[in-house]
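Index from 1, following the sequence.
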Amino acid sequence: MARRRCVRGAYIRGALITRSADLATADISAGATRYHENRPGPYDVVHRIPAIVARDRDTGRPVKIPLRGRGLDLLPRAELVALADALTVGRPAGPEHKAAHAIAERLRQLADDPLAV
């Protein structure tokens, strides 16, 4: 049985399923995801983490790519640049792709100067 493979894809592994999206063709927007941190005491801490939202054009399902990993303030420079490249390589510069190009440019800025957040 052949597996479907994303050409410039992102795979996000969850507890039960793995979601994927082809970043070169998906509808791209900015969003956020939440991370619950269990701390001793009666309250949990909820962190809001900026994310790229890639909505697959075939299925309509979103894949959220957080811009920080566990224990990291921000993804490493090489990963930010790779994400930016995956969003723009082969994507036309038309108005319907304006968000993808703007987000890719912002990712490149963050890679060059992470303190500009």
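When hydrophobic side chains of Ile, Leu, Val, Met, Phe, Trp and Tyr are connected at separations under 4.5 Å, Val81 ends up as a singleton with no cluster partners.
The 12-atom threshold is exceeded at CZ of Arg57, counting heavy atoms of other residues, nucleotides or ligands nearer than 6.0 Å.
Distance alone, capped at 3.5 Å, is enough to place a donor-acceptor pair between the Lys64 side chain and the Ala32 backbone. Not one N or O on the side chain of Arg34 forms a donor-acceptor pair closer than 3.5 Å with the backbone of His47.
In this structure, CG in Leu67 is found 6.0 Å from CG in Leu107, a value given to the nearest 0.5 Å. For the atom pair CZ (Arg77) and CG (Asp112), the distance works out to 5.0 Å, reported to the nearest 0.5 Å. Rounded to the nearest 0.5 Å, atoms CD1 (Ile103) and OG (Ser29) are 6.0 Å apart. To the nearest 0.5 Å, the span separating CZ on Arg68 from OG1 on Thr33 amounts to 10.5 Å.
Closest approach of Val53 to Pro62, counting heavy atoms only: CG1-CB, 4.0 Å. Minimum interatomic distance between Ile28 and Ala99 (heavy atoms only, all atoms of both residues): O-CB, 3.6 Å.
The closest side-chain heavy-atom distance from Leu83 to Leu75 is below 4.5 Å.
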Working for side chain to side chain contact (heavy atoms under 4.5 Å, CB included), residues Asp27 and Asp56: CA-CA 7 Å; Asp27 293 323; Asp56 187 271; over 6 Å; no
Side chain to side chain contact (heavy atoms under 4.5 Å, CB included) evaluation trace for Leu74 with Leu80: CA-CA 9 Å; Leu74 190 64; Leu80 292 171; 4.0 Å; yes
Donor-acceptor pairs under 3.5 angstrom involving side-chain atoms of residues 86-94: please list them, not counting sequence neighbours.
unit_1	atom_1	unit_2	atom_2	d
Thr88	OG1	Ala84	O	3.0
Thr88	OG1	Arg108	NH2	3.2
Arg91	NE	Leu87	O	2.7
Arg91	NH1	Ala26	O	3.2
Arg91	NH1	His97	ND1	3.2
Arg91	NH2	Leu23	O	2.6
Arg91	NH2	Ala24	O	3.3
Arg91	NH2	Ala26	O	3.1

